[in-house]
Amino acid sequence: MVLCSLCKEKVAVIKIRYANLALCKECFVKHFEEKVEKYLLDTNLSDKLNGKLIVVATSGGKDSLNTLFILNKFKATYDFSLLALLIDEGIANYREYKRRALESFCKKFKIDLLVISLYKELGHTIDNVAKWYKEGKISLKPCSICGVFRRYLINLYANELQADFVATGHNLDDEVQTFIMNFIRGDLLSIVREGPLTQTIFEGFVPRIKPLYYVYEKESLTYFLVNDLKTPYVECPYARLSLRYRLRTLLNRLEYNSPGTKLKLLKLKDTLREELKDRVSMPKLRKCELCGMPTVHKICRACSIRLALSKV
Ligand code: Q46
Ligand code: ZN
């Protein structure tokens with residue numbers, strides 16, 4: 001039995017090895033919520049939320065439910081309103097379970113929920129593109145298409161809803177994985193662009209915020225459990241096909257052997273971004289010639305994928 005390093009009274013529910021801390025439920029919840037509040041203060045969002053609408057892009061998984069839960073807690077303090085948005089990708093034996101968890105969560109906490117079908121909007125399910133990928137008819141992996149289509153619909157609906165911000169459930173682990181993926185691809189521009197918040201000023205682009213940016217996945221899971229939140233632990237059947245999945249396993253092993261590795265990588269990414277931001281020229285955004293959404297090319301990524309899929 002390990003006692004809490006802070007209150008020295010209660011039994012610890014989590015060991016945070018990189019900080020050499022063991023925390024009881026109450027001290028951990030405080031520690032977690034202070035981290036999220038620090039995020040709001042460090043990014044100056046705390047001054048900008050008054051009267052604003054935040055659309056939370058949710059999957060029904062622990063991180064996006066935590067994001068909804070904690071923003072719902074901060075709503076009164078910072079005086080903003082919330083709406084949950086789910087993109088139903090069309091993934092059998094996964095989406096329906098997560099969707100049900102999200103629906104009961106939103107009902108319990110009285111949060112409005114909007115569900116958008118990827119099939120109805122874009123004419124495809126991720127199950128159907130995954131089948132084509134497995135048959136060798138397309139070379140893009142399901143996650144690459146799913147990510148582009150989901151981001152596209154989230155931005156489209158955030159615009160329709162006149163949202164001021166889109167919040168996502170990306171945690172520290174996700175951010176570090178993305179950093180390494182961009183590093184492997186030599187994608188300097190994305191390294192500079194992917195920060196705690198994306199504030200590109202362009203008509204049609206809703207700024208994105210990541211309240212769990214400084215939170216380890218393990219801490220997110222603990223917060224979820226100690227708050228008695230529920231989601232079925234089903235995994236998307238296509239997750240294992242992605243580079244992100246392999247990196248996740250690798251980074252977990254590195255973190256286990258050397259606690260603090262992920263945090264050091266996040267700090268490196270943030271330093272690099274600051275150092276490089278004035279040296280890397282940002283491509284100008286313009287409107288997609290097909291759909292009018294912001295893009296750096298003539299045709300946005302979602303429209304070019306749709307065109308490619310229409311030829312299969
Ligand atoms: S839902 Fe879509 Fe994820 Fe499934 S296909 Fe990949 S991106 S893993 S979060
Ligand atoms: Zn387009």
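Note that this is a predicted model, so its numbers are computed, not measured. One-based numbering, in listed order, for ligands and for the atoms of each.
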Review point. Do any heavy atoms of E235 fall under 4.0 Å from ligand 1?
Key: no
Point to revise | Taking atom 6 (Fe) of ligand 1 as the reference point, the nearest protein heavy atom with its distance | key: C143 SG, 2.2 Å
Practice item. Assess whether atom NZ of K287 is packed by more than 12 heavy atoms of other residues, nucleotides or ligands within 6.0 Å. Key: no
Check your understanding: So which heavy atom in the protein is nearest atom 9 (S) of ligand 1, and how far is it from that ligand atom?
Key -> R150 NH2, 3.6 Å
Check your understanding: If you count the non-hydrogen atoms of other residues, nucleotides and ligands that lie under 6.0 Å from CZ in F224, is the total more than 12?
Key -> yes
Practice item. Can you label the angle between the F105 ring and the F109 ring as parallel, tilted or perpendicular, going by 30° and 60°? Key: tilted
**Study point:** Element-labelled atoms of ligand 1 that are located less than 4.0 Å from some non-hydrogen atom of C146
**Key:** 1 (S), 2 (Fe), 5 (S), 7 (S)
**Study point:** Output field: ring centroids Y18/Y216 closer than 6.0 Å
**Key:** yes
Review point. Does R306 make a cation-pi contact with Y152 (under 6.0 Å, within 45 degrees of the axis)?
Key: no
Point to revise | Angle in degrees, rounded to 10°, that SG of C300 and SG of C288 form at the Zn ion (ligand 2) | key: 110°
Review point. Counting only heavy atoms not in K52, do more than 12 fall under 6.0 Å of its NZ?
Key: yes
Review point. For ligand 1, which atoms, with element, lie under 4.0 Å from some heavy atom of E89?
Key: 1 (S)
Exercise for review: Please identify which atoms of ligand 1 are closer than 4.0 Å to at least one heavy atom of C236.
Suggested key: 1 (S), 4 (Fe), 5 (S), 8 (S)
